[in-house]
Amino acid sequence: MDTEVLVVGAGPTGMTLANELRLAGVSTVVADRLSRRSELSKAGGVQSRTLEAFDQRGLMESLLGTGNYPTSSGHFAGIPLSPEYSRHRLPWRSVPQVAIEGFLEQHLATQGIHIRRDHELTVLDQDEDGVSATFADSTSLRCRYLVAADGAHSTVRSLLRAGFPGQAGTATVLSADVRLSGADQVASHTWNDDGDWVALFPLGTDSQGREMRRLVVGGPGRSVPRETPITEEEIRDGLRRVFGSRIELLELRYARRLTNAARQVEHYRHGRVLLAGDAAHIHLPLGAQGMNTGIQDALNLGWKLGGVVRGWAPEDLLDTYHAERHPVGAAVLRNVQAQSLLMDWVGTRAPEVLAAKELFATMTRLPEVQRHLGDLLSGMAIRYEMPGSGTHPLVGRSAPDLALGPVRSHELLRSGRGVLLDPADRFAKVADLWSDRVDRAGQGADTEPMLIRPDGYVCWAGDPDDLEAALGRWFGAPR
Ligand SMILES: Cc1cc2nc3c(=O)[nH]c(=O)nc-3n(C[C@H](O)[C@H](O)[C@H](O)COP(=O)(O)OP(=O)(O)OC[C@H]3O[C@@H](n4cnc5c(N)ncnc54)[C@H](O)[C@@H]3O)c2cc1C
């Protein structure tokens, strides 16, 4: 073997995974076909759950320190969600993907992981013992497992002939990174009476301190083939229709057309090859859910793959990656499709769509609806099915951040190991059997006992009789 794991693709998914594998003590190569990192802003922000995961790894402060990233409460189908109803410690932050990628690449480099650039995977072959990968320059590499984090047009997915069912794109809108004048007080989404709409999101400031924005322009008659060249005049026209002369385009940096294609692979695991991020699911970028879902795929997969490679976890722990993340990806696709319909993304102006949109807009004024949608788009609503881990309401959810004397419980996850909170100091004996994989902490703290997986999800709480089984299920056989 040349390396234990080969990660194909150095986007946010691949780099997050490489960091998780590093924590798990696994030798990892990250290969990307680009000769240097993309400078496109791409996804516009990080959800509460993603921020929380960065915090659990001790990376959040330094990530947020790389720029001036405003908080936001987000939107659902273009209807703003009020910060007043958010129930999460870390609100959404408008950190553009380009900043996250730069940060992760630098962090990996400081840990000795350097992306192998100009490495385009073209062929792969797997057998019982491992995977052989060949690159466009005819070099090859042998690894025990390969993870496809190679994006929406995944080569690995094609080579596997993996089923990628879903909906083909039926319409496009225009998306651009711009500088504007007069856009300071504008809502995230604005429609005119003819159904033309403009969405605006902050992208922070450029190197000269000037405000950059993501602009999306849609509406009836706006859908054209994806390859149609985009002109400044098309953008000016879109702005004029919605805002008159109030907002002006000062500079266009980058533009592309987005389609409403929505697909998801049938299986996240193909033997020794696993798919993550956009390689596994694509959909409209409403709420930057693609990047966040990809990062969270990586967090779910990293420690499990690490455990299998290191030998303490049974092979079937890897199957829980598909079991847990496929339903999350499917739910994201569904909420994006619902948003697309409810905001009339395509610009149909169909009476039944407009009626649903109007009714939905009224409903979103209800605090409980606001809270529900806020939870959905924060990533905090995720609850994994964990058979055999008990039925306590905390099981399957991301662990609360608890004050344990001088430390917070989330800080205990920095090592990438499991954590058993044992406030009554009664589980020392059983915990000792897993002490090479799980840290016991929180003695004397004002909390209930719980077992937290390395990805920050509670996998046992409640009945003490279930603890040993949960330790075995998630952390392998006792020492
Ligand atoms: C141009 C663009 C604009 C976007 N705009 C938005 C937006 O406005 N809002 C939003 O929410 N989301 C947006 N997205 C989607 C969002 O960026 C993705 O959800 C996110 O990038 C997914 O991360 P990933 O790491 O899974 O895949 P990617 O970020 O796509 O990374 C995949 C990596 O794999 C590499 N790769 C591909 N094939 C190979 C191969 N054969 N061998 C080696 N390396 C390979 C690529 O070079 C790339 O670096 C955009 C995506 C793109 C591509």
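Whatever order the structure lists them in is the order used to number ligands and atoms, beginning at 1.
In terms of protein heavy atoms, atom 9 (N) of ligand 1 is closest to P285 CB, 3.3 Å. Protein heavy atom at the shortest distance from atom 24 (P) of ligand 1 is T13 OG1, 3.3 Å. In this structure, atom 37 (C) of ligand 1 lies nearest to the protein heavy atom D150 O, 3.2 Å. The protein atom (non-hydrogen) at minimum distance from atom 42 (N) of ligand 1 is L121 N, 2.9 Å. Residue, atom and distance of the protein heavy atom nearest to atom 53 (C) of ligand 1 are K42 CD, 3.9 Å. Closest to atom 44 (N) of ligand 1 among all protein heavy atoms lies R33 N, 3.0 Å. Closest to atom 31 (O) of ligand 1, if we only count protein heavy atoms, is G11 CA, 3.5 Å. For atom 49 (O) of ligand 1, the closest heavy atom belonging to the protein is D32 OD2, 2.5 Å.
Across D125, T3, L6, D129, a single residue satisfies side chain to side chain contact (heavy atoms under 4.5 Å, CB included) together with R142, and that is D129.
Proximity to G277 (heavy-atom distance under 4.0 Å) selects the following atoms of ligand 1: 26 (O). Below 4.0 Å from some heavy atom of G9 lie the following atoms of ligand 1, by number and element: 33 (C), 34 (O), 35 (C). Close approach to L40 involves these atoms of ligand 1, each under 4.0 Å from a residue heavy atom: 1 (C). Within ligand 1, the atoms closer than 4.0 Å to a non-hydrogen atom of M291 are 19 (O), numbered from 1 in the order shown. Which parts of ligand 1 touch G290 is read off a 4.0 Å heavy-atom cut-off, strictly below it: atoms 19 (O). For ligand 1 and H119, the ligand atoms under 4.0 Å from any heavy atom of the residue are 42 (N), 43 (C). Atoms of ligand 1 found under 4.0 Å from any heavy atom of A288 (numbered from 1 in listed order, with element): 11 (O).
Inclusion of L34 in the set of residues having an N or O under 3.5 Å from an N or O of ligand 1 is not warranted. An N or O contact shorter than 3.5 Å links D278 to ligand 1 by distance. Between L258 and ligand 1, no N or O atom pair is found at a separation short of 3.5 Å. Polar contact with ligand 1: absent for Q289 (N/O pair, distance under 3.5 Å).
Checked against the 6.0 Å centroid criterion, the rings of F201 and H75 qualify as a close aromatic pair.
When all heavy atoms are compared, the tightest approach of L146 to A133 is CD1-CB, 4.1 Å. For G329 against Y268, the heavy-atom pair with the smallest separation is CA-OH, 4.1 Å. Closest approach of Q264 and H326 over heavy atoms only: NE2-O, 2.9 Å.
For the pair K304 and W474, the cation-pi test (distance below 6.0 Å, angle within 45°) is failed. A cation-pi arrangement is present between R272 and Y145 under the rule of less than 6.0 angstrom and at most 45 degrees off the ring axis. A cation-pi arrangement is present between R157 and F164, with the terminal nitrogen or guanidinium carbon under 6.0 Å from the aromatic centre and inside a 45° cone about the axis.
No donor-acceptor distance shorter than 3.5 angstrom exists from the side chain of Y384 to the backbone of A323, with no hydrogens or angles considered. Without hydrogens or angle criteria, T228 side chain to V224 main chain gives no donor-acceptor distance under 3.5 Å.
Only the side chain of V8 comes within 4.0 Å of ligand 1, counting heavy atoms alone; its backbone N, CA, C and O stay farther away. In L286, neither the side chain nor the backbone holds a heavy atom less than 4.0 Å from any atom of ligand 1. Within the 4.0 Å heavy-atom criterion, the part of Q97 lying near ligand 1 is the side chain and not the backbone.
For the residues R214, R256, R37, R157, the heavy atom positioned nearest atom 2 (C) of ligand 1 is part of R256. Within the set A43, G287, P12, G14, the minimum heavy-atom distance to atom 29 (O) of ligand 1 is found for P12. The heavy atom nearest to atom 28 (P) of ligand 1, considering only S41, S38, G151, A31, is found in G151.
Note on ligand 1: Y254 sits in its first shell, one or more heavy atoms being nearer than 4.0 Å. Ligand 1 has no atom lying under 4.0 Å from any heavy atom of G294.
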| task | Might you work through the salt bridge (Lys or Arg N to Asp or Glu O under 4.0 Å) test for R33 and D150, ending with a clear yes or no? | result | CA-CA 9 Å; R33 70 174 166 203; D150 54 346; over 6 Å; no
| task | Start with the C-alpha gap between D319 and L317, add the side-chain angles, then the distance that decides, and say whether side chain to side chain contact (heavy atoms under 4.5 Å, CB included) holds. | result | CA-CA 5 Å; D319 296 328; L317 185 66; over 6 Å; no
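Contact check on K42 versus D177 returns no salt bridge, with no Lys/Arg side-chain nitrogen under 4.0 Å from an Asp/Glu carboxylate oxygen.
Counting non-hydrogen atoms of neighbouring residues, nucleotides and ligands closer than 6.0 angstrom, the CD atom of Q167 exceeds 12 such neighbours.
Between the CG atom in D196 and the CG atom in L239 there is a gap of 11.5 Å [rounded to 0.5 Å].
Note on ring orientation: taking the six-membered ring where Trp is involved, the planes of F103 and H107 are parallel (angle under 30°, cut-offs 30° and 60°).
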